[in-house]
Every structure is written in C-alpha cells, then in structure tokens.
Amino acid sequence: MALYTKVDQEACIACGLCQMLAPELFTYDEAGIASFKPDQNTGSLPLDDYAKIDFKLAYTRCPTGAIKRSDKPFPQK
Ligand code: SF4
C-alpha cells in the first residue's frame with residue numbers, strides 16, 4: 001500500500017525526535033520545525049518500502065501527533 005506523509009507544522013513542537021529516528025526523512029527549519037524532506041513536506045511523494053520502518057518509528061513516537069500519514073497524496077495548495 002502506498003504511504004504518504006507530511007508534518008503538520010502547527011502541531012510540531014520542535015523536539016527533534018523525528019530527525020533523530022529518521023534522519024533521511026525529516027529535516028528542520030531555523031526554528032526547529034520539522035518537515036518531510038523527500039518532497040519538501042508537500043505529502044506528494046510515496047515512501048519507499050525501505051523508508052517505512054524508520055518512518056513508523058518517528059510516526060509512532062512523535063509526542064504531538066504532528067506527523068500525518070495517508071494512503072493517498074495530500075491535497076496540494
Ligand atoms: S517528532 Fe513531532 S513534534 Fe518532534 S520535531 Fe518531529 S514532527 Fe515535530
């Protein structure tokens with residue numbers, strides 16, 4: 001099943017956990033707010049199978065639920 005993700009940056013508290021758990025997938029802006037690196041947080045690029053393991057770690061441990069997931073691309077603005 002395809003898996004897409006993006007960070008709800010309003011909900012991110014800049015704790016750094018997702019980047020520690022999945023450094024290939026998450027990056028930060030100057031304020032420490034996270035984003036999904038492979039698609040610039042647009043939620044438009046499906047995760048590769050190998051990336052799903054690290055993604056699930058970050059997804060389940062994010063303290064605020066800011067990391068969103070979907071089986072479809074997120075709507076583009
Ligand atoms: S784990 Fe969640 S709250 Fe922490 S930086 Fe990542 S997205 Fe933000």
Side-chain angles (χ1 to χ4, degrees):
M1 185 178 82
L3 178 60
Y4 298 83
T5 185
K6 70 184 295 184
V7 176
D8 173 359
Q9 295 181 318
E10 298 290 316
C12 175
I13 58 169
C15 74
L17 192 59
C18 58
Q19 207 273 336
M20 194 174 76
L21 293 169
E24 302 297 317
L25 302 180
F26 295 98
T27 189
Y28 295 96
D29 67 15
E30 62 282 351
I33 301 299
S35 61
F36 181 61
K37 190 156 53 168
D39 66 10
Q40 292 80 46
N41 209 49
T42 58
S44 60
L45 192 69
L47 280 159
D48 293 334
D49 282 345
Y50 77 86
K52 289 181 181 174
I53 296 168
D54 285 351
F55 167 75
K56 284 178 182 167
L57 273 177
Y59 174 79
T60 55
R61 295 187 187 178
C62 172
T64 65
I67 300 173
K68 305 301 181 190
R69 59 179 286 176
S70 175
D71 58 1
K72 299 190 216 53
F74 285 81
Q76 304 299 303
K77 291 179 183 164

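Remember, it's 1-based here, ligands and their atoms both numbered in the order they're listed.
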query: Above 12 or not: heavy atoms from other molecules or residues under 6.0 Å from CD of Gln9?
result: yes
- request: Could you check atom 8 (Fe) of ligand 1 against the protein and tell me its nearest heavy-atom contact, residue, atom and distance included?
  value: Cys12 SG, 2.4 Å
statement: Under 4.0 Å from one or more heavy atoms of Tyr28, ligand 1 contributes atoms 5 (S)
statement: protein heavy-atom neighbour closest to atom 6 (Fe) of ligand 1 works out as Cys18 SG, 2.4 Å
message: Taking the side chain as everything from C-beta on, heavy atoms only, tell me whether Phe26 gets closer than 4.5 Å to Ile67.
response: yes
field: Residue Glu10 excluded, over 12 heavy atoms near CD under 6.0 Å
entry: no
- prompt: Going by heavy atoms in the side chains, are Leu25 and Pro38 under 4.5 Å from each other?
  reply: yes
- request: Answer whether the closest heavy-atom distance between the side chains of Leu3 and Phe55 falls below 4.5 Å.
  value: yes
message: Between Tyr59 and Phe36, is there shared hydrophobic-cluster membership here, with clusters defined by ILVMFWY side-chain heavy atoms closer than 4.5 Å?
response: yes
- line: heavy-atom search around atom 4 (Fe) of ligand 1 in the protein gives Cys15 SG, 2.3 Å
Numbered atoms of ligand 1 (with element) below 4.0 Å of Gly16, judged on heavy atoms: 4 (Fe), 5 (S)
task: Quick one: look up the protein heavy atom nearest atom 3 (S) of ligand 1 and list residue, atom name and how far away it is.
output: Ile13 N, 3.5 Å
Residue Ile67 vicinity, atoms of ligand 1 by number, heavy atom under 4.0 Å: 7 (S)
message: Under 4.5 Å between side-chain heavy atoms, counting indirect links through other Ile/Leu/Val/Met/Phe/Trp/Tyr residues: same cluster for Val7 and Leu47 or not?
response: yes
- prompt: Identify the closest protein heavy atom to atom 2 (Fe) of ligand 1: which residue and atom is it, and at what distance?
  reply: Cys62 SG, 2.3 Å
message: I'd like to check which ligand 1 atoms, numbered from 1 as shown, lie under 4.0 Å from a non-hydrogen atom of Thr64.
response: 3 (S)
